[in-house]
K.L.:
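One structure is given below, represented as structure tokens, and several questions about it will come after.
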Number of protein chains: 2
Amino acid sequence: MSRFQVLPEAVPGNEATLMPCAACDVRDMAICSVLQGREVDRLAQIVSRIPLADGQSIFQEGDEADYVYNILEGAVRLFKLLPDGRRQITGFLYSSDFLGLALKENYAYSAEAVSGAVICRFPHGKLERLLDEFPRLEKRLLNEASNELIAAQDQMLLLGRKTAVERLATFLSALAQRQDALESGGTVNLPMTRTDIADYLGLTIETVSRTFTKLRKSGVIEVPDAHTVTLMDLAALRDLTEDE
Amino acid sequence: MSRFQVLPEAVPGNEATLMPCAACDVRDMAICSVLQGREVDRLAQIVSRIPLADGQSIFQEGDEADYVYNILEGAVRLFKLLPDGRRQITGFLYSSDFLGLALKENYAYSAEAVSGAVICRFPHGKLERLLDEFPRLEKRLLNEASNELIAAQDQMLLLGRKTAVERLATFLSALAQRQDALESGGTVNLPMTRTDIADYLGLTIETVSRTFTKLRKSGVIEVPDAHTVTLMDLAALRDLTEDE
DNA sequence: CGAGGGTTTGAATTAGATCAACTCTCGTGG
DNA sequence: CCACGAGAGTTGATCTAATTCAAACCCTCG
């Protein structure tokens, strides 16, 4: 993979490089995994690998939806803004996630790199044609959309009805799941800032900070640095989510 | 249609009746609209028309997802519960809406009739087979899922960042859209209770009631009865949503 | 060493929740 | 025909979880 790596100093220019999908890190996890043998060659011809600077915009709400993406590395945030600047982050994407499910002619939300993001870009129109050719790909997307919808409903429950402690516990618990930190003592990486977490959980940055402190003082987590959480008592954390 | 009408007194028994899709009220709006000519006959063989008593459960979160549905008449609510009873309504469905997009083996949420609901039931497995046969149907579902995801993100913005007035204005404005009440003076029907609205908007029933009063006193709406809203100033209502 | 993000902590404020009446239907039955 | 009760909605008084305002406290990096 490293020979396709675009060096950090190349980032500002934002140059895309062609990439043989066969060598891709997320080949077996992303939507591409439903393609077999030579089928991926078709994909390889239409994708570009794009490294992003932290904070860099991928697209903005309202832009023409010309491309869809796979996340190869790092983290990405999706969000919507109100005219006065209030922001709601509707999701974080990590490596192997697909970006571009919810779209019509234009993107319904904005997307930005959080940290260390490298993405794989597909022209939307060409992907549509591939969908007709490979029904398995379409099935996979429908399945992906179904998962997204379930996650969205969980998030609505969180935003509409959960307390600050329940929100943060749910967030950390889901991250732990995603990062296979499945037992106490495990460690979870938070690539995003407290402001991002606040805008994702429908809270203010101060409340997020205070809630971290509360969890820390109650012995459920430790926070060696702002972007690392050690799970001291995963069962207790799960209890705090109030999920069944 | 009337000859397929199951009379109200038959509701408690919940009996399903076969139904020729050709005569269906929502034939041209629901997902069925992508099927042509004789294709719908295949559908007709696997569907049942089921009238529901108000408040009746369609399925519960965790149930095996054996069926998917179209709403033929009336309104349906989808919701999730926390163990202590807090409820978040994740959406209302109305006639021609599809129910069953977000599912794996089991339903991820519960569904109940709100009022006057009549639904059309498909065995999940048989629909899956139809999907393979009619790619257009699958495309339509993917498109439907995309719309749902966009709506879900709007709702996250509402729940995470909007004030009570903004939430109610957004809700009423969306209902007006759906019911083609596109100008001031138009009237909107609210099939659900204040409790339902509260659980949808992430508020309490008292706050919903006070917010209705506020909108009424400011001359934006009139409320002839609890289930009817007259739009006195649709532009002002739209402004209050804070959407662009 | 000093500047500027990002984060934490404290004190004061407030939007919305909670608690508590009270009203308005509407259906039931004496 | 009217009394009654139950469910749904409204309104008022009080409370509180989270926000807002304010001030430090890191770090890292030039």
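The chains referred to below are lettered A, B, ... by the order of the sequence lines, with proteins before strands, and numbering in each begins at 1.
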K.L.:
OP1 or OP2 of D/dA18 less than 4.0 angstrom from a side-chain nitrogen or oxygen of A/Arg210, does that happen here?
P.N.:
no
K.L.:
What's A/Thr193 touching, base or sugar-phosphate or nothing? Going by heavy atoms closer than 4.0 Å.
P.N.:
sugar-phosphate
K.L.:
Between D/dA18 and A/Thr207, is there an OP1 or OP2 to side-chain N/O distance shorter than 4.0 Å?
P.N.:
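Answer is no, no contact under 4.0 Å.
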K.L.:
Is there a donor-acceptor pair closer than 3.5 Å between any side-chain N or O of A/Asp97 and the backbone N or O of A/Tyr94?
P.N.:
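Present.
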K.L.:
Give a yes or no answer on whether the side chain of B/Thr241 reaches the backbone of B/Leu237 with a donor-acceptor pair at less than 3.5 Å.
P.N.:
no
K.L.:
Within the distance-only criterion (no hydrogens, no angle test), does the side chain of B/Asp199 pair as donor or acceptor with the backbone N or O of B/Asp196 below 3.5 angstrom?
P.N.:
no
K.L.:
Where the side chain of B/Gln179 meets the backbone of B/Asn189, is there a donor-acceptor pair that is under 3.5 Å apart?
P.N.:
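Yes, because the side chain of B/Gln179 sits within donor-acceptor range (under 3.5 Å) of the backbone of B/Asn189.
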K.L.:
Among the candidates C/dT18, C/dG16, D/dG9, find the nucleotide nearest to the side-chain atoms of B/Ser209.
P.N.:
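Within the option list, the nearest is D/dG9.
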K.L.:
For A/Arg194 and D/dC27, what is the distance between atoms CZ and P respectively, to the nearest whole Å?
P.N.:
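So the two atoms are 13 Å apart, to the nearest Å.
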K.L.:
Heavy atoms under 4.0 Å, any strand shown: does B/Gly202 hit a base, just sugar-phosphate, or nothing?
P.N.:
sugar-phosphate
K.L.:
On the nucleotide D/dT11, are OP1 or OP2 found under 4.0 Å from the side-chain N or O atoms that B/Thr213 carries?
P.N.:
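True: B/Thr213 side-chain N/O within range (under 4.0 Å) of D/dT11 OP1/OP2.
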K.L.:
Would A/Arg77 pass as a cation-pi partner of A/Phe92, given that its NZ or CZ must be under 6.0 Å from the six-membered ring centre and within 45 degrees of the axis?
P.N.:
no
K.L.:
Within this structure, what is the CZ-to-P distance between B/Arg86 and D/dA17, rounded to whole angstrom?
P.N.:
13 Å
K.L.:
Measure CG/A/Leu159 against P/D/dA18 and give the value in whole Å, please.
P.N.:
13 Å
K.L.:
Can you check the A/Glu206 CD to C/dA11 P distance for me, whole Å?
P.N.:
15 Å
K.L.:
Could one point to a donor on the side chain of B/Arg167 or the base of C/dG16 with an acceptor on the other under 3.5 Å away?
P.N.:
no
K.L.:
Provide, to the nearest angstrom, the distance between the CG atom belonging to B/Leu203 and the P atom belonging to D/dA17.
P.N.:
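Between P of D/dA17 and CG of B/Leu203: 18 Å.
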K.L.:
Rounded to the Å, how far apart are B/Lys214 NZ and C/dA15 C1'?
P.N.:
9 Å
K.L.:
Tell me: CG of B/Asp225 to C1' of D/dT10, nearest whole Å?
P.N.:
15 Å
K.L.:
In whole Å, what is the span from the NE2 atom of B/His227 to the P atom of D/dG9?
P.N.:
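That distance rounds to 5 Å.
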